[in-house]
Amino acid sequence: MTATVTIQNADNALINALKSVIRLYPQARVSVKKTQESIFSVQETSEMENDAKAVRQAKAMMAFNSMRERACENGFMSDEEIMAEINAARRDE
C-alpha cells in the first residue's frame, strides 16, 4: 500500500518525528520531498495494519511526552493523572 501525505507548515522536527515512527516498521519506506518553504510531501509504503499501529504508537508517544512535560513542570503525577492521560489518548483512537 502507498499513502501520500502533504503537511503544510511542517518543520524539520515534525518530519524527523514522523520518520522515527515509520522506522519502527522495517518493511516501510519513506521519502520526503520539500515542495515549498515549510511544505513537505511525505510518501510512505506500508500495509494498512502497520499504518494503524503506527498512528496508535504515535498517539501513545504524544501522551507519554505530555505526561513527562507536566511531571517536569509540576512534580510527579499521581496514578489517577497518568490513567487520565492514557484514557484520553485511547479515546482519540
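Heavy atoms only: backbone and side chains are in, while hydrogens, waters and symmetry mates are out.
Leu24 is linked by a side chain to side chain contact (heavy atoms under 4.5 Å, CB included) to Gln57, counting only residues two or more places apart in sequence or in another chain.
Looking at every heavy atom in both residues, Val21 comes nearest to Ala58 through CG2-CB, 4.2 Å.
Here the side chain of Ser66 pairs no donor or acceptor atom with the backbone of Met62 at under 3.5 angstrom.
To the nearest 0.5 angstrom, Lys59 atom NZ is 13.0 Å from Arg90 atom CZ.
Put simply, Ile86 and Phe64 are part of the same group of oily side chains (I, L, V, M, F, W, Y) that touch within less than 4.5 Å, one to the next.
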